[in-house]
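Given the structure is predicted, the values throughout are model-derived calculations rather than measurements. Below, each value reflects all heavy atoms present in this structure, side chains not excepted, and no hydrogens, waters or symmetry copies.
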Amino acid sequence: MSIPQLLTEFVDYVDFNQRSFFISAAAIAFNPTFWNIVARKEYRDHFITRAFGSAQKGCYALAATIFSLGLVRDFLYERALRDQPSHPALEGENVTYAAYALLALGNILVISSTWQLGITGTFLGDYFGILMDKMVTGFPFNITSAPMYYGSTLSFLGSALLYGKPAGILLTLHVLIVYIIAIQFENPFTSGIYAKRERERAKAGGYEEKKEL
């Protein structure tokens, strides 16, 4: 069977009449859109910091919100998978092993990333002015610059295979596209935040040298 025929057969096992499929897709797209919009507004207006009295508390509040939205997204994804037909080719023992391997690898990337960055580093502390002292280069950042995004994508794929649902594979592709778009917005903005700090440090250093002279 050719690849186009295989893809056509898999798509035939996606029930687009299920509303839960589109609700899950919407939740997947909503989450990174939400935290990027909110974090950028915080960077410009400090509205969360003002509401909670400090940048630290504000960042933890946003972290709790993002984590909660993630739980809702995962619940909606699982519900969508349950409403979809299974494909016989995805019900074998080897597929199950692959699913658990993907879930394990995905969680390792996400958990180790959080461990390296801490809560504020993971949940957009940069936008609150809570910056890392230096760039993290150890595992998993020596493998990919976005381990949380790619780890999450692997977990979505693992779940799709575990349930044997082609619809889950399609939603995983949606996850990957959404995250790649998010990275294109986040990385330059975050780099700009740190570049601004370095310029301010250089300026302050030059001022101190002039004072000494």
> Val38 and Leu124: side-chain contact (heavy atoms from CB on, under 4.5 Å), yes or no, with the steps?
Replying inline: CA-CA 10 Å; Val38 170; Leu124 305 166; over 6 Å; no
> Taking it one step at a time, do Thr172 and Tyr77 satisfy side-chain contact (heavy atoms from CB on, under 4.5 Å)?
Replying inline: CA-CA 10 Å; Thr172 299; Tyr77 177 65; 3.7 Å; yes
>> If you apply the rule side-chain contact (heavy atoms from CB on, under 4.5 Å), what do you find for Phe156 with Ile169, and how did you get there?
In response: CA-CA 8 Å; Phe156 272 92; Ile169 297 175; over 6 Å; no
> Run the side chain to side chain donor-acceptor pair (under 3.5 Å) check on Asp126 and Thr190 step by step: do they pass?
Replying inline: CA-CA 7 Å; Asp126 321 86; Thr190 304; 5.2 Å; no
>> Let's go through Phe22 and Phe16 carefully: what are the C-alpha distance in whole Å and the side-chain angles of both, what is the deciding distance for side-chain contact (heavy atoms from CB on, under 4.5 Å) to 0.1 Å, and is it a yes or a no?
In response: CA-CA 8 Å; Phe22 295 100; Phe16 292 104; 4.0 Å; yes
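Across Thr137 and Asn142, no two heavy atoms sit closer than the pair O-CB, 3.4 Å. Here the closest non-hydrogen pair linking Met148 and Thr122 is SD-CG2, 3.2 Å. Scanning all heavy atoms of the two residues, the minimum distance from His174 to Ala25 falls at NE2-O, 2.9 Å.
Atoms CD1 and CZ, on Ile193 and Phe128 in that order, are 11.0 Å from each other to the nearest 0.5 Å. Interatomic distance, CZ of Arg82 versus OG of Ser20, reported as 11.5 Å (0.5 Å rounding). One finds the CG atom of Leu161 at 12.0 Å from the OH atom of Tyr100 (value rounded to the nearest 0.5 Å). For the atom pair CZ of Phe67 and CG of Leu62, the computed distance is 13.5 Å after rounding to the nearest 0.5 Å. Atom CG of Leu131 sits about 10.0 Å away from atom NZ of Lys196, to the nearest 0.5 Å. Taken to the nearest 0.5 Å, the OH atom of Tyr163 stands 14.0 Å off from the CD atom of Glu91.
Atom OH of Tyr97 is surrounded by 12 or fewer heavy atoms from other residues, nucleotides or ligands within 6.0 Å. By the 6.0 Å contact criterion, CZ on Arg197 is enclosed, its count of non-hydrogen atoms from other residues, nucleotides or ligands being greater than 12. No more than 12 heavy-atom neighbours from other residues, nucleotides or ligands sit within 6.0 angstrom of CZ on Phe185. Glu198 CD: more than 12 foreign heavy atoms inside a 6.0 Å radius.
In this model, no donor atom of one side chain and acceptor atom of the other lie less than 3.5 Å apart for Glu186 and Tyr127. A side-chain donor-acceptor contact under 3.5 Å links Thr49 and Glu42. Counted by atom type alone, Tyr179 and Ser152 present one or more donor-acceptor pairs between their side chains at under 3.5 Å.
Tyr43 pairs by the ring-ring contact (aromatic ring centres under 6.0 Å, His included) definition with Phe189, not counting sequence neighbours.
A donor-acceptor pair is defined here as one N or O able to donate and one able to accept, closer than 3.5 Å; no such pair exists between the side chain of Arg40 and the backbone of Trp35.
Judged by a 6.0 Å distance limit and a 45° cone about the ring axis, Lys165 is not positioned over the six-membered ring of Tyr13.
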